[in-house]
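Structure first, then comments.
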Protein chains: 2
Amino acid sequence: MQEDVAVQRDHVGSLAKGLAVVEILSRAPGGLRLTEVAELAGLTRAGARRLLLTLVAEGYAEQRERRFVLSAKLLSVARSYIGEASVWSYATPILRGVSEALGESCSAAVLDGEDVVYVARAAGRRIVSVQLAVGARLPAYCTSMGRVLLSGLDAAELAGFLEKASIGTNTPNTVTDRQALAGLVAEAGRAGYAIVDQELEIGLRSIAVPVRDRAGRICAAVNVSTQAARFSCDEMHGTILPLLKQAAALIEDFLALQ
Amino acid sequence: MQEDVAVQRDHVGSLAKGLAVVEILSRAPGGLRLTEVAELAGLTRAGARRLLLTLVAEGYAEQRERRFVLSAKLLSVARSYIGEASVWSYATPILRGVSEALGESCSAAVLDGEDVVYVARAAGRRIVSVQLAVGARLPAYCTSMGRVLLSGLDAAELAGFLEKASIGTNTPNTVTDRQALAGLVAEAGRAGYAIVDQELEIGLRSIAVPVRDRAGRICAAVNVSTQAARFSCDEMHGTILPLLKQAAALIEDFLALQ
DNA sequence: ATACTTTTGTTCGCAATACGAACACAGGAG
DNA sequence: CTCCTGTGTTCGTATTGCGAACAAAAGTAT
């Protein structure tokens with residue numbers, strides 16, 4: 001309670017309200033009228049008008065007849081923010097956020113031939129943890145990220161992959177039947193995630209989601225790998241999946257500007 | 001003067017200052033300390049601190065030890081400008097069609113202050129190619145899209161622009177005489193396209209056409225940029241211009257429905 | 001065309017919000 | 001350790017942003 005009061009004291013309400021107006025405009029590509037903005041922002045017309053006129057004066061919005069629309073300036077400021085960063089250097093702190101929230105390893109990979117290749121990672125803090133570095137390769141058919149990435153192939157590509165891939169039995173849980181694998185990949189595509197349960201290595205369970213580029217194609221995957229003893233499959237779905245989806249979305253924001 | 005007073009009355013200074021802080025942070029990838037932000041923004045520490053804490057509270061910045069850095073939220077909000085519902089999302093495959101036909105980079109931009117801001121692009125397949133991403137800014141006066149966009153201003157607006165714009169000599173080819181620039185803009189308006197030949201950078205040649213909104217106003221431009229060694233100005237006119245006009249027409253079809 | 005309704009723009013008194021100065025506390029450098 | 005610099009907190013207050021009310025403009029229906 002005391003903390004709330006302190007936060008309140010150092011909070012500039014006009015700035016917060018102005019940012020809320022920016023967000024409202026950002027969701028309205030056709031622009032909004034003053035009254036619409038006021039309603040959506042929960043402000044009086046006079047208050048909303050001041051904020052809108054300030055945004056116009058500062059170059060963030062434009063007034064076109066009776067509508068206010070965001071200008072390209074915000075895009076330009078965002079470009080300035082990401083500068084020359086590559087997607088994977090940009091993504092690493094995002095993965096680290098997930099990793100720290102869970103204490104587990106969080107990684108990103110792309111598909112390369114029959115394998116997934118790790119392109120970014122944040123290590124978990126546990127002693128027993130996944131030890132895969134950037135550049136490491138694992139077979140796509142029996143890894144969560146591989147399943148997700150394969151779900152982005154078209155039917156002919158996937159059929160070709162399954163026909164040619166070297167498929168071995170790593171553990172008693174490994175699915176090796178190529179038809180069954182096709183089904184698991186399709187399921188990953190439909191569900192928007194894949195869980196692989198001790199198929200690569202006994203004790204290793206992981207969950208992955210896709211990362212899509214601006215054109216909507218799956219171009220990478222992000223995952224969390226844990227010891228099977230620590231998270232059940234249900235817990236992965238309930239606890240980890242939302243964090244991964246959020247991370248993927250943040251990376252996709254970056255990719256949208258490429 | 002009366003206008004200045006009226007503008008002042010409806011101006012929310014706290015919002016303007018907060019946005020200035022966002023811009024300062026956007027140019028500091030490693031983050032800035034409170035004192036640094038205060039100096040750069042011309043604020044007291046207490047004032048800067050409030051704005052920073054508000055940005056943190058609203059999710060736009062993060063405090064990492066003693067440094068404040070922008071968060072990815074800005075990217076997420078900015079992304080909406082070019083998101084699924086926008087004309088630029090619709091336009092990107094059109095630009096890609098042009099880009100693939102020519103092997104060159106094809107982009108769209110809008111006017112923002114003295115600059116053009118890139119809002120969509122399709123990269124060329126050549127190794128030596130234009131490296132400008134969405135959100136990038138270039139000065140309007142010496143770029144093909146800038147010339148086309150400026151031709152959509154009325155005479156008073158254009159005179160005001162030419163009077164105030166920062167004009168420098170980028171290359172020996174750069175036209176810097178403000179009268180001559182007025183002539184080039186007028187010519188772009190009459191001809192319906194502009195070619196800029198090594199005025200921004202030696203070796204860079206580009207051609208642009210306007211995109212008009214439903215009311216017939218020039219609201220954007222599309223261009224193709226190439227190495228001067230690959231296309232002469234005549235070839236640009238003969239080969240590229242028709243493709244660009246077609247692309248602009250397709251985008252205008254979308255805009256006609258807004 | 002007119003009449004009515006809705007929306008936007010303007011003004012003004014005022015309270016609450018944002019302000020800066022001063023002090024306390026924390027962190028860094030030598 | 002001491003000294004310096006930077007950050008966090010408090011508090012009185014003035015200025016900034018507020019909303020209500022009215023005027024003007026735009027939109028809609030007949």
Side-chain angles (χ1 to χ4, degrees), chain A residues 1-25 28 30-71, chain B residues 1-25 28 30-58 60-71 213-215 217 258:
Chain A
M1 186 51 84
Q2 183 175 22
E3 189 178 343
D4 287 346
V5 173
V7 169
Q8 201 97 333
R9 189 186 294 139
D10 287 325
H11 193 259
V12 180
S14 302
L15 173 57
K17 283 187 271 184
L19 293 170
V21 168
V22 170
E23 287 168 44
I24 285 162
L25 287 178
L32 293 170
R33 300 166 64 139
L34 168 62
T35 305
E36 291 170 322
V37 174
E39 279 170 16
L40 289 168
L43 300 168
T44 61
R45 287 190 303 99
R49 186 165 177 277
R50 282 194 189 91
L51 296 172
L52 286 165
L53 291 180
T54 302
L55 291 173
V56 169
E58 300 304 317
Y60 287 87
E62 292 168 4
Q63 194 169 5
R64 298 194 185 143
E65 294 157 3
R66 310 304 279 271
R67 310 193 88 82
F68 293 88
V69 297
L70 271 192
S71 80
Chain B
M1 186 51 86
Q2 186 174 18
E3 188 178 343
D4 288 348
V5 173
V7 168
Q8 199 98 333
R9 191 186 293 137
D10 288 325
H11 194 262
V12 180
S14 302
L15 173 57
K17 284 186 274 188
L19 293 170
V21 168
V22 169
E23 286 170 48
I24 285 162
L25 287 178
L32 292 169
R33 300 168 62 140
L34 168 61
T35 305
E36 291 169 321
V37 174
E39 278 170 16
L40 289 168
L43 301 167
T44 62
R45 288 190 302 103
R49 187 164 177 276
R50 283 197 187 89
L51 296 172
L52 286 165
L53 290 179
T54 301
L55 290 173
V56 170
E58 300 302 319
Y60 286 87
E62 293 168 6
Q63 194 170 8
R64 298 194 184 145
E65 296 159 2
R66 311 305 281 271
R67 311 193 85 84
F68 292 88
V69 297
L70 275 189
S71 81
D213 66 21
R214 193 172 49 176
R217 286 174 305 241
Q258 305 305 304

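Order of the sequence lines sets the chain letters (A, B, ...), proteins ahead of strands, with each chain counted from 1. The structure presented is a predicted model; accordingly, all values stated were derived computationally and were not measured.
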Base, sugar-phosphate or nothing for B:Q63? Non-hydrogen atoms, less than 4.0 Å.
sugar-phosphate

In whole angstrom, give the distance that lies between atom [atom1] of [X] and atom [atom2] of [N].
X     : N      : atom1 : atom2 : result
A:L34 : D:dG27 : CG    : P     : 14 Å
A:D10 : D:dT7  : CG    : P     : 14 Å
B:R49 : D:dT9  : CZ    : C1'   : 7 Å
A:L32 : C:dT8  : CG    : C1'   : 15 Å

Apply side-chain contact (heavy atoms from CB on, under 4.5 Å) to A:L32 and A:L40, showing your working.
CA-CA 10 Å; A:L32 293 170; A:L40 289 168; 3.8 Å; yes

Decide side-chain contact (heavy atoms from CB on, under 4.5 Å) for B:L19 and A:L55; before the verdict, give the C-alpha distance in whole Å, the side-chain angles of both, and the deciding distance to 0.1 Å.
CA-CA 9 Å; B:L19 293 170; A:L55 291 173; 3.8 Å; yes

Apply the side-chain contact (heavy atoms from CB on, under 4.5 Å) test between B:D10 and each candidate in A:L53, A:V56, A:L52; give the one that qualifies.
A:L53

Under the side-chain hydrogen bond (donor to acceptor under 3.5 Å, both in side chains) rule, what pairs show up with a residue in residues 54-70 of chain A, not counting sequence neighbours?
A:E58-B:H11, A:Y60-B:E23, A:E62-A:R64

Would you name the heavy atoms of A:R45 and A:T35 that are closest together and state the gap between them?
CD-OG1, 4.1 Å

Which heavy atom of A:A41 sits nearest to which heavy atom of A:V21, and what is that distance?
CB-CG2, 4.3 Å

Protein proximity profile, nucleotides 17-30 of chain C - base contact B, sugar-phosphate-only contact S, no contact -, cut-off 4.0 Å on heavy atoms
-SBB------S---

